[in-house]
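Quick notes on the structure that follows.
Being a predicted model, the structure only gives us computed values, none of them experimental. Naming: A, B, ... by sequence-line order, numbering from 1 per chain.
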Amino acid sequence: MAANLQTTSPDPAVFSVKTRNFGSIEVRSDQIIYLEPGLLGFTQYRRYVLIEHHQEAPFLWLQCLDKADLAFVVIDPQSLLPDYQPGALAQAKRDLAVECPEDLKVLVILTIPPGKPQEMTANLMGPVVINLKTRQGRQLIVEESQYSHKHRVFPG
Amino acid sequence: MLILTRKSGEGLFIGDNIRITILEIRGKQIRLGIEAPPNVVVLREEIYRRIQEENLQASGTRDVDVKEIAQLWRQE
């Protein structure tokens with residue numbers, strides 16, 4: 001399974017993974033999130049980790065472990081829209097066997113046009129949902145007209 | 001592309017686990033029934049392409065962009 005991971009630490013559960021943005025990072029096997037299937041367009045890549053952004057902002061990196069230069073910036077949608085509650089979440093909770101509400105992590109992917117950070121958008125149509133207990137997740141597809149795939153984050 | 005002709009009520013299999021049934025043909029519209037395992041993504045083409053394209057655009061984000069949005073966020 002972990003064919004591209006090199007174990008450099010004496011602890012076999014810790015791997016060193018190369019990334020584009022962070023250089024080499026250490027990942028414990030119990031931090032790995034499995035997206036099954038992977039994100040649309042990248043379905044063959046399934047293993048990710050969440051990395052907190054170091055500055056005081058609610059952004060996280062969803063870093064792929066199977067492809068060093070594949071990483072997404074994500075945010076808890078509650079930071080953008082406190083009442084974000086797509087109907088598909090209920091089914092996703094069942095599919096992912098989420099037992100407690102606090103085990104469900106919902107994240108939306110951000111798109112930042114190069115050189116135009118003010119025009120950043122959030123993809124409210126394709127949230128990533130993760131069962132934190134099993135670390136299994138998937139990209140949910142939300143087809144409700146009030147949730148855009150290009151939701152503007154900062155005022156225009 | 002494989003092209004098959006089917007009548008209403010007929011179906012087809014893709015592999016062992018995916019079954020598509022022609023439920024109804026009404027004028028220019030057909031209704032399809034799709035049975036597939038939960039890990040298979042089934043979406044209308046335009047929705048699939050929209051999400052796929054958005055994921056592709058988002059995947060190009062650089063660390064410098066995140067530093068900028070973090071700064072903008074703190075100003076808001």
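- Your options are A/L70, A/N123, A/V153, and the one with the most heavy-atom pairs under 4.5 Å with chain B is A/N123.
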Original post:
Between A/D30 and A/R135, does a salt bridge (charged side-chain N to carboxylate O under 4.0 Å, His left out) hold up when you go through it step by step?
Top reply: CA-CA 8 Å; A/D30 65 0; A/R135 301 189 318 279; over 6 Å; no

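- Rounded to the nearest 0.5 angstrom, A/E119 CD and A/K150 NZ are separated by 10.0 Å.
- Here A/I33 contributes atom CD1 and A/Q136 contributes atom CD; the two are 10.5 Å apart, rounded to the nearest 0.5 Å.
- For chain A, the nearby parts of B/R62 are the backbone and the side chain; heavy atoms of each come within less than 4.5 Å.
- Residue A/I75 touches chain B through its side chain alone, counting heavy-atom pairs closer than 4.5 Å.
- To the nearest 0.5 Å, the span separating CZ on B/F13 from CD1 on B/I18 amounts to 10.5 Å.
- For B/I69, the parts lying under 4.5 angstrom from a heavy atom of chain A are both the backbone and the side chain.
- Comparing A/E36, A/M125, A/K116 by how many heavy-atom pairs each has under 4.5 Å with chain B, the most go to A/M125.
- The candidate from A/T121, A/L110, A/I109, A/L62 with the greatest count of non-hydrogen atom pairs under 4.5 Å with chain B is A/L110.
- For the atom pair CD (A/Q63) and CZ (A/F22), the distance works out to 6.0 Å, reported to the nearest 0.5 Å.
- With a 4.5 Å cut-off on non-hydrogen atoms, A/M120 touches chain B through its side chain but not through its backbone.
- No side-chain N or O of B/E24 forms a donor-acceptor pair with one of B/S8 less than 3.5 Å apart.
- The residue among B/D65, B/D63, B/V40 with the most heavy atom pairs within less than 4.5 Å of chain A is B/D63.
- Ring geometry for B/W73 versus A/F59: interplanar angle over 60°, hence perpendicular rather than tilted (30 to 60°).
- Residue contact with chain B, scored on non-hydrogen atoms closer than 4.5 Å, involves the side chain of A/Q139 exclusively.
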